Structures are given as C-alpha cells and as structure tokens.
Amino acid sequence: MNVTQQMIKPWRHVFKLDPDRELDDAGLNAVCLSGTDALLVGGSTGVTYHNTVELLSRIRQYAIPCALEVSDLEAIVPGFDLYMIPMVLNTPDPAWIVGHHRRAVERYGSLIPWDLLLTEGYIVLNGDSTVARLTQADTSLDAEAAAAYAQVADKLMSLPVVYLEYSGRFGEMDTVRTVRECVEHSQLFYGGGIASKTEAEQAAALCDTVVVGNIIYHDLEQALLTVEAVRQTTQLKLD
Ligand code: 1GP
C-alpha cells in the first residue's frame, strides 16, 4: 500500500466542498470541526483556479486533511495533501477515461507530484446529475453491470478507489450491496443524496467511505449529523 492509500484508508466520512458554491466562515468552521475524516474539494462545473485557491486558503486554517478531486485542468492548485483523479468507467467517451489525463500529463509533465495522486474508478449512476450529462455516462446499468465495472476497476486495473457516484440522488442500496460483494481490494466510496442520518448509516454499512456534499449547502445541521451516524455504523460483513 503506498502513501496515498494509507492516507485515505481510515476515511469513513468525507465532506465534499464545491468551490463554486457559497459557504460562510461559520459554516466552514462547523464542517472542519465536525469530526469528519477529510475534505474533498471538487465539483462538476464552475470550478476555477481562483475559487479553488480561495477555498483551500480558508480550509488551511484548520488541521483537517484536504484533497482536490481534479475535474478541470485549469483548476489544479498546488498545496493540497492529495489529488484524486477520477476515471469514469461507464462513459463511451475516452476523454473521461484517459483523454483529459493525457492532456494533463502533456501540460504539466515533471511538475506532477505523482506520489500525491490517487486514481478513482468512477461509476456514475444518476442520469440526472451534471457529472452524468457531462461525461455521457451510461447510467442505465443494473446491479450486475455496475458490479462488473467495479471488478474491472478492482481486479483488472487495481485502482485504489471505486467510487459509486449517485450525485444529487440517494442510490439503490441493492446495487451498492452487489458492488460491495465483489470489490475486494479497492476502497469503496459512496456519494450521492445523503441528507439524513438514516441514509448515511445505510451507505456506511455497505461502503468503506461515505461522501456527503449537497446537503451542506441546504441543511448544514443535517449534514453535520451524518458524521456521527457514519462513525457509529460498522460495515456489514457480507459472505
Ligand atoms: C458528489 O458524491 C458526491 O460528487 C456527494 O453527492 O452532493 O449528492 O451529497 P451529494
């Protein structure tokens, strides 16, 4: 296990902050002191170098680990603890699998801190989400197809992270369970539509890491309750 994998291994709960959305100082303070394991900075649209630097500098007042989920070549900001690189598995467009990645390597070359990078095998499952539209992801997958993609990531590509992305909608826990049953090595992330303790618990029972985003901006109080809910939930032991 390399350094980045060791860094994320203890992460059970993560808040995802979008540089393109407003969070006042009191809100950011509450998020950073909530007991969450880490912050992930990222979004599908409107992420710029400027708003990413600004958010990072505010977060750096706190001791919390902070990763950038890279979605735009123009918004790669130095100074994060870790850089998470999505590779969308269920897209027909190779640009989202390796294309943007190739351009990044060509552009940044020797400036890339390879030892701080970690690849995420994304399986995008909410057809109404911005990320699904952007990447033209095939979100019509049944549980077995999602699990097959997860095994491609886990067993063929040996990716450190498989990310079940329902962004904006709480996912089908049956699908999540089917994926859970076949992922052996990758750390399984779940993100999407968690707006209450109950949903956080359901996802935490099946996944290694639970990502909470949107609700921070709609109902911070509920968002904060998900931290303890995830912490109190042990993962189910599946046969
Ligand atoms: C989005 O997976 C994260 O990339 C979290 O989803 O914003 O729906 O909580 P929500």
Side-chain angles (χ1 to χ4, degrees), residues 8 11-23 27-28 30-31 34 36-47 51-52 55 66-72 75 80 82-91 96 118-135 137 139 141 146 149-150 153 159 161-173 175-176 179-180 186-204 206-227 229-230:
I8 66 162
W11 292 3
R12 279 287 280 154
H13 182 284
V14 171
F15 276 129
K16 192 183 277 195
L17 296 182
D18 185 339
D20 194 33
R21 299 177 83 170
E22 291 282 325
L23 185 63
L28 186 66
V31 163
S34 65
T36 188
D37 296 305
L39 299 183
L40 194 48
V41 170
S44 299
T45 54
V47 179
N51 60 23
T52 304
L55 181 56
C66 185
L68 178 65
E69 188 167 60
V70 177
S71 60
D72 191 319
F80 282 87
L82 183 68
Y83 294 84
M84 301 187 72
I85 314 296
M87 198 176 248
V88 179
L89 302 176
N90 57 324
T91 171
W96 298 103
L118 185 140
T119 315
E120 307 169 286
Y122 252 69
I123 305 170
V124 177
L125 292 166
N126 175 9
D128 290 329
S129 62
T130 307
V131 60
R133 280 192 291 273
L134 195 64
T135 64
T139 55
L141 307 178
Y149 273 121
L159 300 185
V161 169
V162 170
Y163 194 130
L164 286 177
E165 173 64 292
Y166 282 92
S167 183
R169 168 166 78 75
F170 191 61
E172 288 88 27
M173 289 300 112
T175 298
V176 177
V179 169
R180 167 75 282 169
S186 309
Q187 189 158 332
L188 183 58
F189 278 49
Y190 171 87
I194 292 180
S196 70
K197 279 171 66 173
T198 317
E199 286 156 348
E201 284 161 7
Q202 288 178 58
L206 294 169
C207 298
D208 299 308
T209 305
V210 173
V211 182
V212 176
N214 219 10
I215 191 70
I216 299 166
Y217 301 94
H218 295 300
D219 188 341
L220 184 57
E221 213 169 298
Q222 284 300 319
L224 296 172
L225 291 176
T226 64
V227 177
V230 169

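Values in this document were obtained by computation on a predicted structure and should not be read as measured data. In what follows, residues are counted from 1 in the order of the sequence shown. All ligand and atom numbering here is 1-based and tracks the order in the structure.
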If you define the side chain from C-beta out and look only at heavy atoms, does anything of Thr198 sit under 4.5 Å from Phe170? no

Sub-3.5 Å N/O-N/O distance, Ile194 and ligand 1: no

So which protein heavy atom does atom 9 (O) of ligand 1 come closest to, and at what separation? Gly213 N, 2.9 Å

Between Tyr166 and ligand 1, find which residue part has any heavy-atom pair under 4.0 Å and reply side chain, backbone, both or neither. neither

Could you pull out, from Ile215, Val124, Asn214, the option with a heavy atom nearest to atom 7 (O) of ligand 1? Asn214

Is it the case that Glu69 and Tyr163 place a side-chain donor and acceptor less than 3.5 Å from each other? no

Leu17 vs Tyr217 side-chain heavy atoms within contact, under 4.5 Å: yes

Nearest heavy-atom contact between Asn51 and Gly46 is ND2-O, 2.8 Å

Polar-atom distance check: Lys16 versus ligand 1, any N or O pair below 3.5 Å? yes

Would you name the heavy atoms of Ala203 and Val210 that are closest together and state the gap between them? C-CG2, 3.9 Å

Closest to atom 1 (C) of ligand 1 among Glu199, Arg169, Glu165 (heavy-atom distance): Glu165

Around atom 3 (C) of ligand 1, find the nearest protein heavy atom and jot down its residue, atom name and distance. Tyr163 OH, 3.4 Å

For Gly193, atoms of ligand 1 separated by under 4.0 Å from a heavy atom: 8 (O), 9 (O), 10 (P)

Are any non-hydrogen side-chain atoms of Glu165 and Val131 less than 4.5 angstrom apart? yes

